[in-house]
Amino acid sequence: MAYWLFKSEPDAYSIDDLKRETIGRWDGVRNYQARNFLRDGVKAGDTVLFYHSSCKVPAIVGVAKAVKEAYPDPTQFDPAHKYHDPKSTREKPRWVAVDVAYVKHIQPITRDDLRAHPVLSRMSLLQRGQRLSILPVSKEEWAAVSALMKKA
DNA sequence: GCCAACGTTGGC
DNA sequence: GCCAACGTTGGC
């Protein structure tokens, strides 16, 4: 069982949106490295840290669980969709999505919180120039984040 | 809104 | 296959 961190801009899709849906489709990933993590790495049952990016206080805001492994991201085929990819075909889809289930909100763990922690300060999330929206989280990192979690 | 970092595109 | 131009990400 692996651990991941998924980034989302709360204006586009927040942890509250996931809670409302219970199970949400994680689509719109248009970066090959992130796609590869989704396609080859994420397994049903894996734990996901939900991270809010590009907002007032970027932070880990909750936990989710992968419930459906990679399948073709339907938005790539839809010409009207902003994630449409004209170079992708149904025979050879380029992008994948996974489904995640809401688990819980937590009190936000901010970047300052992470930076202050001996283990978490080395997370790839904090590395300069880091832009991947899907990031692996090590067992040690997960343990450290768990220890910081407080009920929201 | 700024800007650094990075990925992608396309001409050659 | 190189590389400049451009677009995007995302923290600050």
Side-chain angles (χ1 to χ4, degrees), chain A residues 2-21 24-42 46-66 69-100 102-138 140-142 144-150 152:
Chain A
Y3 305 97
W4 305 93
L5 183 143
F6 286 15
K7 284 187 202 172
S8 183
E9 299 183 17
D11 288 345
Y13 191 79
S14 71
I15 182 90
D16 297 325
D17 295 323
L18 177 60
K19 184 180 186 183
R20 203 171 305 122
E21 294 186 329
R25 187 179 70 209
W26 208 271
D27 57 20
V29 172
R30 294 295 182 268
N31 169 284
Y32 287 103
Q33 213 178 331
R35 189 274 315 264
N36 292 347
F37 282 136
L38 269 192
R39 188 189 57 192
D40 309 328
V42 177
D46 283 359
T47 299
V48 173
L49 295 172
F50 200 120
Y51 178 85
H52 281 173
S53 67
S54 290
C55 55
K56 215 170 296 166
V57 185
I60 298 168
V61 293
V63 179
K65 193 167 82 169
E69 291 169 19
Y71 59 95
D73 177 350
T75 64
Q76 71 195 304
F77 307 125
D78 179 359
H81 203 282
K82 72 166 172 165
Y83 291 130
H84 177 238
D85 184 347
K87 291 188 198 148
S88 190
T89 64
R90 288 181 189 275
E91 292 70 37
K92 290 191 82 177
R94 187 180 282 201
W95 309 109
V96 299
V98 300
D99 287 350
V100 298
Y102 173 80
V103 175
K104 63 178 175 180
H105 277 68
I106 60 168
Q107 279 182 34
I109 299 174
T110 67
R111 299 176 65 84
D112 280 346
D113 296 334
L114 297 175
R115 274 192 284 260
H117 191 283
V119 171
L120 300 177
S121 59
R122 297 198 298 269
M123 283 182 92
S124 47
L125 176 71
L126 299 180
Q127 303 311 308
R128 96 195 234 100
Q130 176 53 64
R131 301 190 315 179
L132 281 184
S133 61
I134 307 286
L135 292 168
V137 171
S138 74
E140 293 68 31
E141 289 163 351
W142 165 254
V145 170
S146 292
L148 292 180
M149 280 184 192
K150 297 191 190 108

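Chain A is the first sequence line, chain B the second, and so forth, proteins listed ahead of strands; every chain is numbered from 1.
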message: By the 4.0 Å heavy-atom rule, please label K56(A) as base, sugar-phosphate, or nothing.
response: nothing
message: The criterion is salt bridge (charged side-chain N to carboxylate O under 4.0 Å, His left out); which residues satisfy it with D17(A), sequence neighbours excluded?
response: R20(A)
statement: Sorted by number, residues from residues 46-53 of chain A placing a heavy atom under 4.0 Å from DNA chain C are Y51(A), S53(A)
query: With sequence neighbours excluded, what pairs up with E9(A) under the side-chain hydrogen bond (donor to acceptor under 3.5 Å, both in side chains) test?
result: none
- request: List in chain and number order the residues that pass side-chain contact (heavy atoms from CB on, under 4.5 Å) with K19(A), two or more places apart in sequence or in another chain; answer none if no residue qualifies.
  value: Y102(A), H105(A)
field: Pairs involving residues 107-126 of chain A, ordered by first then second residue, that meet ring pair (Phe, Tyr, Trp, His ring centres under 6.0 Å) (sequence neighbours left out)
entry: none
- request: Quick one: list whatever passes side-chain contact (heavy atoms from CB on, under 4.5 Å) with E141(A), sequence neighbours left out.
  value: V119(A), L120(A), M123(A), V137(A), S138(A)
- request: Not counting sequence neighbours, which residues clear side-chain hydrogen bond (donor to acceptor under 3.5 Å, both in side chains) with D113(A)? List them please.
  value: T110(A)
message: Once salt bridge (charged side-chain N to carboxylate O under 4.0 Å, His left out) is applied, do any residues pair with R30(A), and if so which ones, sequence neighbours excluded?
response: D73(A)
query: Among residues 106-116 of chain A, which residues get a heavy atom nearer than 4.0 Å to DNA chain C?
result: R111(A), R115(A)
Those residues that, when tested against D27(A), pass salt bridge (charged side-chain N to carboxylate O under 4.0 Å, His left out) (two or more places apart): R25(A)
Salt bridge (charged side-chain N to carboxylate O under 4.0 Å, His left out) involving R94(A) - partner list, sequence neighbours excluded: D85(A)
- prompt: Can you say whether the rings of W26(A) and F50(A) are parallel (under 30°), tilted (30 to 60°) or perpendicular (over 60°)?
  reply: perpendicular
task: Please list, in 5' to 3' order, the outermost nucleotides of DNA chain C lying under 4.0 Å from any heavy atom of chain A.
output: dG7(C) to dC12(C)
